Asker: 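Here it is, the structure in full.
Values below: all heavy atoms of this structure, side chains included; hydrogens, waters and symmetry mates excluded. Letters A, B, ... mirror the listed sequences (proteins, then strands); counts begin at 1. Please read all numbers here as calculations on a predicted model, not as lab measurements.
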Amino acid sequence: MTVIDQIESIAQQALKNLYSLDAVGKNILINETKPEFEGDYTIVLFSLVKPLKRSPEIIGKELGDFLINGHPQFFSSYNVIKGFLNLVVAEKVWTNFLFQNFNNENFGNKEKTGRKVMVEYSSPNTNKPLHLGHLRNNFLGWSVAEIYKANGFDIVKTCIANDRGIHICKSMIAWQLFAKGASPQSTGIKGDHFVGDYYVLFGNELKKQVDEMVANGVNKEQAEKEAPLMKAAQQMLIDWEAGKPDVLELWKTMNSWVYAGFDETYKRIGTDFDKIYYESNTYLLGKDLVEYGLKKNVFFQKDDGSVWIDLTKEGLDEKIVRRKDGTAVYITQDIGLAQQKYEQYKCDLSIYVVGDEQNYHFKVLKLICEKLQIPSAENIFHLSYGMVELPSGRMKTREGSVVDADDLLDEMHNEAEKKTKEQGKTEGFSNDELNELYETIGVGGLKFFLLRVDPKKRMLFNPEESIDLHGYTATFIQYAYARLKSILRKEAANVTRSMTDDTENTLFPLEKMLITIAEKYPVIINQACEEMNPSVIANYIYNLAKTFNSFYAEHSVANAESQEKKTLRLQLCNLTAITIRNAMTLLGIKVPERM
RNA sequence: GGUCCGGUAGCUCAGUUGGAUAGAGCAACAGCCUUCUAAGCUGUGGGUCAUUGGUUCGAAUCCAAUCCGGAUCACCA
């Protein structure tokens with residue numbers, strides 16, 4: 001039980017005994033005490049004034065006396081300032097916490113809940129390589145899943161590969177016309193980039209055709225529809241759906257190139273999945289649900305035969321679920337897939353990590369699923385994140401203003417290498433170790449940069465800031481960790497030296513601050529989970545690392561004032577190191593033993 | 001136009017179930033390495049929390065209006 005939980009339950013009991021007041025949950029507000037006042041936690045008394053019909057000062061005095069007298073081993077003193085009851089938690093409470101947890105490698109992770117969560121993320125199109133936006137998605141989805149795991153949930157990480165459709169056909173047509181049989185193997189180009197190049201080529205060649213047609217007097221809209229290249233792509237999609245062997249063959253080949261490329265990138269950034277769905281398998285799902293919905297009057301049919309749902313009562317619009325030609329639209333397969341996911345995994349919560357441009361789509365999806373009474377429809381949750389923008393504005397594929405994921409990772413790696421060499425601290429590292437360190441710093445830096453911001457908000461990606469290795473960055477935290485490990489290596493024998501509960505210790509402010517911050521870690525994990533927000537953890541670890549750095553500058557561990565102090569500080573270092581490592585793991589960021 | 005989201009220091013962001021004098025990093029300036037890693041530490045300056053009104057003991061936080069920015073409202077995915 002965390003300290004704040006204990007205070008809450010003690011305070012509730014006290015209010016009951018003192019005033020017969022049942023203060024449940026929100027009735028009682030406990031904050032961390034502001035640094036400028038004496039105390040660890042503060043009970044805000046204003047909300048008690050009315051029910052108790054007493055002044056805040058009197059309540060503070062009475063409650064404070066009662067708490068101190070009733071729990072002398074828990075509270076050491078209190079003070080009341082205006083309507084705030086500041087409580088000083090006994091030092092023993094903090095040191096006991098340290099003695100009990102300093103060697104707990106699993107610190108912060110919760111017991112199994114028996115509940116299961118599915119997180120769908122990444123979900124790329126297979127016609128072009130990953131870019132910066134995908135990275136935010138990948139980091140966020142992976143991290144949220146890990147956060148759920150740390151909170152005791154079973155997790156299923158999934159991905160839907162958008163492996164069919166007109167976009168793939170465009171790459172395929174361009175390859176057929178212009179590649180002369182080239183392949184990633186023959187050119188040495190990474191598969192996803194190779195296929196992406198033909199997608200871009202298609203766009204360029206199409207534009208030429210359209211321009212020419214426009215010059216010959218065709219209007220632009222019509223030209224875009226009727227250009228030979230576009231016709232060819234559309235025909236290819238029809239052939240694909242008809243199962244034409246040579247089209248399927250090429251489709252499989254080109255997708256396999258893309259997957260090989262993706263796998264490389266996924267491996268590098270630590271993305272993994274328990275189950276991958278392929279759109280080519282799921283795009284027909286949901287068709288029977290349309291019939292079902294019609295029967296149940298959830299959907300209605302228009303005169304032209306198209307099928308719709310009326311969501312105007314919910315403040316939305318009418319939405320089509322089947323075209324007049326009988327083919328399904330995008331949302332139809334999503335409904336089918338939602339149903340399939342539930343049948344296969346029976347998750348208590350199904351999270352979709354998808355950009356906020358699809359907020360409307362997911363509102364509609366969830367509503368339709370609920371109306372069709374698909375099991376667990378109410379547990380569909382769209383984890384909506386903001387777009388990543390560049391200083392020059394939004395990324396646009398057509399304008400080539402896209403930041404490529406692989407390029408960016410290389411840049412981060414190189415920057416890490418450059419800065420590490422400047423530091424000159426890596427004597428004795430093998431080449432493999434050096435390379436690993438550059439990846440740890442480079443990839444970690446990028447992850448932290450993208451995860452430290454509230455996912456809901458769109459964010460600005462400034463390349464210069466992203467490669468900064470100072471201040472509020474992964475490097476700062478990794479550096480603190482390397483320092484900790486350096487101390488702990490040298491004093492390994494002393495770390496586990498036993499300290500008894502009755503050892504007298506007077507904690508210095510920075511020692512105490514470190515303990516109290518570490519002690520909050522379980523609360524933070526919980527909060528990050530409830531908010532589905534890794535930035536909560538990023539903020540927290542930065543704060544912990546920063547406090548450690550101050551402590552490090554102020555106090556010596558190896559040359560502590562006494563053997564007892566030394567042992568206490570070693571234990572504190574051990575707990576801090578474990579907490580940093582565990583928290584960074586939830587963000588998917590590695591920490592180095594040395595740097 | 002309808003709906004939704006956002007506006008906090010020069011820049012990037014915390015802080016929003018209403019609580020004390022609104023915090024970090026970057027950038028600027030001034031200090032700190034004979035002692036466990038200076039990728040660090042300490043300090044200084046920097047604010048009409050978009051604007052206006054309201055709710056109350058108390059508002060960056062809640063409500064309303066206005067201004068500004070973004071997303072979305074396809075028989076696209």
Asker: Using atom CD1 of Ile168(A) as one end and atom P of rA77(B) as the other, report the distance to the nearest whole Å.
Answerer: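 About 13 Å, once rounded to whole Å.
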Asker: Are any of the side-chain nitrogens in Lys590(A) or Glu436(A) under 4.0 Å away from the carboxylate oxygens of its partner?
Answerer: no
Asker: Using the C1' atom as the reference point in each nucleotide, state the distance between rC62(B) and rG18(B) in Å, no decimals.
Answerer: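 Those two atoms are separated by 7 Å.
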Asker: How close do Leu587(A) and Leu451(A) get, counting heavy atoms only, and between which atoms?
Answerer: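 Minimum heavy-atom separation between Leu587(A) and Leu451(A): O-CD1, 3.5 Å.
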Asker: Can you measure Met459(A) atom CE to rG7(B) atom P for me and round it to whole angstrom units?
Answerer: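 Atom-to-atom, Met459(A) to rG7(B), this comes out as 15 Å.
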Asker: Mind calculating the distance between CG (Leu285(A)) and P (rA77(B)) to the nearest angstrom?
Answerer: 15 Å
Asker: At 4.0 Å (heavy atoms only), tell me whether Leu316(A) reaches a base, stays on the sugar-phosphate, or touches nothing.
Answerer: nothing
Asker: Between Asn162(A) and Asn79(A), which is nearer to the 5' end of RNA chain B once each is assigned its nearest nucleotide?
Answerer: Asn79(A)
Asker: Looking at rA20(B) and Phe84(A): do their rings stack (centroid distance under 5.5 Å, interplanar angle under 30°)?
Answerer: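 The base of rA20(B) is stacked with Phe84(A) (centres under 5.5 Å, planes under 30°).
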Asker: Using a cut-off of strictly less than 4.0 Å, decide whether Lys546(A) has a side-chain nitrogen or oxygen near OP1 or OP2 of rG25(B).
Answerer: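 Looking at the OP1 and OP2 atoms of rG25(B), one of them is under 4.0 Å from a side-chain N or O of Lys546(A).
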Asker: Tell me whether the OP1 or OP2 atom of rG6(B) has a side-chain N or O from Lys457(A) closer than 4.0 Å.
Answerer: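 No.
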Asker: Just checking Asn359(A): base, sugar-phosphate only, or nothing, at a heavy-atom cut-off of under 4.0 Å?
Answerer: nothing
Asker: Base, sugar-phosphate, or nothing: which does Ala558(A) touch, judged by heavy atoms less than 4.0 Å apart?
Answerer: base
Asker: Taking 4.0 Å as the cut-off, does a side-chain nitrogen or oxygen of His470(A) come that near to OP1 or OP2 on rG25(B)?
Answerer: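 For His470(A), the contact criterion (side-chain N or O under 4.0 Å from OP1 or OP2 of rG25(B)) is not met.
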Asker: Just how far, in rounded Å, is P of rC36(B) from NZ of Lys566(A)?
Answerer: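 Taking atom P of rC36(B) as the reference, NZ of Lys566(A) is at 13 Å.
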Asker: Does Val453(A) reach a base, just sugar-phosphate, or nothing at all? Heavy atoms under 4.0 Å.
Answerer: sugar-phosphate
Asker: Counting any heavy atom closer than 4.0 Å, what does Glu465(A) reach on the DNA or RNA strands: base, sugar-phosphate only, or nothing?
Answerer: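 Sugar-phosphate only.
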Asker: I'd like to know if the side chain of Ser306(A) reaches the main chain of Lys302(A), judged simply by a donor and an acceptor atom lying under 3.5 Å from each other, with no hydrogens or angles considered.
Answerer: no
Asker: Hey, what do you get for CD1 (Ile541(A)) to CD1 (Ile517(A)), rounding to the nearest 0.5 Å?
Answerer: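 If I round to the nearest 0.5 Å, the distance is 12.5 Å.
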Asker: Which part of the nucleic acid does Ile320(A) contact within heavy-atom distance under 4.0 Å: base, sugar-phosphate only, or nothing?
Answerer: base
Asker: Provide the Watson-Crick or G-U wobble partner of rG25(B), both distances under 3.5 Å; none if there is no partner.
Answerer: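 Result: rC11(B).
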Asker: Which one, rU37(B), rA14(B), rA20(B), comes nearest to the side chain of Asp454(A)?
Answerer: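 So the side chain of Asp454(A) is nearest to rA14(B).
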Asker: Within the 4.0 Å heavy-atom criterion, would you say Arg322(A) contacts the bases, only the backbone, or no part of the nucleic acid?
Answerer: nothing
Asker: Rounded to the Å, how far apart are Glu389(A) CD and rG6(B) P?
Answerer: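 Result: 15 Å.
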Asker: Would you indicate, yes or no, if rU35(B) has its OP1 or OP2 atom less than 4.0 angstrom from a side-chain nitrogen or oxygen of Ser556(A)?
Answerer: no
Asker: Using a 5.5 Å cut-off between ring centres and planes within 30 degrees, is Tyr330(A) stacked on the base of rA77(B)?
Answerer: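 Per 5.5 Å and 30° rule: yes, stacked.
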Asker: Charged N to carboxylate O below 4.0 Å: is that the case for Lys61(A) and Glu57(A)?
Answerer: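 Looking at Lys61(A) and Glu57(A), the cut-off is not met.
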Asker: With a non-hydrogen cut-off below 4.0 angstrom, is Asn543(A) in contact with a base, only sugar-phosphate, or nothing?
Answerer: nothing
Asker: For nucleotides rU35(B) and rA22(B), find the distance between their C1' atoms and express it as a whole number of Å.
Answerer: 39 Å
Asker: Taking the same atom, C1', in rG47(B) and in rG54(B), what whole-Å distance lies between them?
Answerer: 24 Å
Asker: Which distance, rounded to the nearest 0.5 Å, do you find between the CZ of Phe551(A) and the CZ of Arg569(A)?
Answerer: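 Going from the CZ atom of Phe551(A) to the CZ atom of Arg569(A) covers 5.5 Å.
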Asker: It should be established whether Arg483(A) places a side-chain nitrogen or oxygen under 4.0 Å from OP1 or OP2 of nucleotide rC41(B).
Answerer: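 No, Arg483(A) has no side-chain N/O under 4.0 Å of OP1/OP2 on rC41(B).
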Asker: For a quick check of understanding: with a heavy-atom distance under 4.0 Å over all strands, which category does Thr42(A) fall into, base, sugar-phosphate or nothing?
Answerer: base
Asker: Would you tell me if any nitrogen or oxygen in the side chain of Lys319(A) comes within less than 4.0 Å of OP1 or OP2 on rA74(B)?
Answerer: no
Asker: Who does rG47(B) pair with, Watson-Crick or G-U, both distances under 3.5 Å?
Answerer: none
Asker: Decide yes or no on ring-ring contact (aromatic ring centres under 6.0 Å, His included) for Tyr542(A) and Phe448(A), but give the supporting numbers first.
Answerer: CA-CA 10 Å; Tyr542(A) 173 68; Phe448(A) 195 85; 7.5 Å; no
Asker: Please report, rounded to the nearest Å, how far the P atom of rC57(B) is from the CD1 atom of Ile58(A).
Answerer: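 Nearest whole value for this atom pair: 19 Å.
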Asker: How far, in whole Å, is rC49(B) from rC13(B) if one measures between their C1' atoms?
Answerer: 14 Å
Asker: Taking atom types as they are modelled, would you say the side chain of Asp468(A) forms a donor-acceptor pair with the base of rA27(B) within the 3.5 Å cutoff?
Answerer: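 Result: no qualifying N/O pair found.
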Asker: Heavy atoms only: give me the nearest Ser384(A)-Asp356(A) pair and the separation to one decimal.
Answerer: OG-CB, 3.0 Å
Asker: Take the angle between the ring planes of Tyr352(A) and Phe362(A) and call it parallel below 30°, perpendicular above 60°, tilted in between.
Answerer: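 It falls in the tilted class, 30° to 60°.
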Asker: Would Tyr472(A) count as stacking on rA24(B) if stacking means ring centres less than 5.5 angstrom apart and planes tilted under 30 degrees?
Answerer: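 Check failed, Tyr472(A) does not stack on base of rA24(B).
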Asker: Please state the C1' separation for the pair rC63(B) and rU16(B) - nearest whole angstrom.
Answerer: 14 Å
Asker: Verify whether one side chain among Ser171(A) and Asn127(A) offers a donor that lies under 3.5 Å from an acceptor in the other.
Answerer: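 No, no side-chain donor-acceptor contact under 3.5 Å.
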Asker: Using the C1' atom as the reference point in each nucleotide, state the distance between rU72(B) and rU12(B) in Å, no decimals.
Answerer: 27 Å
Asker: Which whole number of Å gives the distance between the C1' atom of rC29(B) and that of rC67(B)?
Answerer: 37 Å
Asker: Should Arg164(A) be listed as having a side-chain N or O under 4.0 Å from OP1 or OP2 of rA77(B)?
Answerer: no
Asker: Under 4.0 Å, heavy atoms only, any strand: does Ser535(A) hit a base, just the sugar-phosphate, or nothing?
Answerer: nothing
Asker: Can you tell me if Phe37(A) is stacked onto the base of rA20(B), using a 5.5 Å centroid cut-off and an angle below 30°?
Answerer: yes
Asker: For Glu279(A), report the nucleic acid contact type (base, sugar-phosphate, nothing); a contact means any heavy atom under 4.0 Å.
Answerer: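 Here Glu279(A) touches the backbone only, sparing every base.
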Asker: If you check the Glu357(A) side chain, which of rA71(B), rU37(B), rC41(B) turns out closest?
Answerer: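 Closest of the options to the side chain of Glu357(A): rA71(B).
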Asker: With nearest nucleotides of RNA chain B determined for Asn462(A) and Lys324(A) from heavy-atom distances, which residue corresponds to the more 5′ nucleotide?
Answerer: Asn462(A)
Asker: Over all strands shown, is Asn86(A) touching base, sugar-phosphate only, or nothing at heavy-atom distances under 4.0 angstrom?
Answerer: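 The residue Asn86(A) makes base contact.
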Asker: Heavy atoms only, 4.0 Å cut-off, all strands: where does Met387(A) land among base, sugar-phosphate and nothing?
Answerer: nothing
Asker: Over all strands shown, is Ser550(A) touching base, sugar-phosphate only, or nothing at heavy-atom distances under 4.0 angstrom?
Answerer: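 Result for Ser550(A) = sugar-phosphate.
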Asker: For rC4(B), what is the paired nucleotide under Watson-Crick or G-U wobble rules, both distances under 3.5 Å?
Answerer: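 Pairing partner, where one exists within any strand: rG70(B).
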Asker: When both hydrogen-bonding distances must be under 3.5 Å and the geometry is Watson-Crick or G-U wobble, what is rG31(B) paired with, if anything?
Answerer: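 Checking every strand shown, rG31(B) finds its partner in rC41(B), with both distances under 3.5 Å.
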Asker: Mind calculating the distance between CG (Leu29(A)) and P (rU16(B)) to the nearest angstrom?
Answerer: 11 Å
Asker: Work out how far the C1' atom of rC68(B) is from that of rC57(B), and round it to whole angstrom.
Answerer: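 Rounded to whole Å, the distance is 35 Å.
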Asker: What is the distance, to the nearest angstrom, from the CD atom on Gln358(A) to the P atom on rG70(B)?
Answerer: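 In whole Å, rG70(B) P lies 20 Å from Gln358(A) CD.
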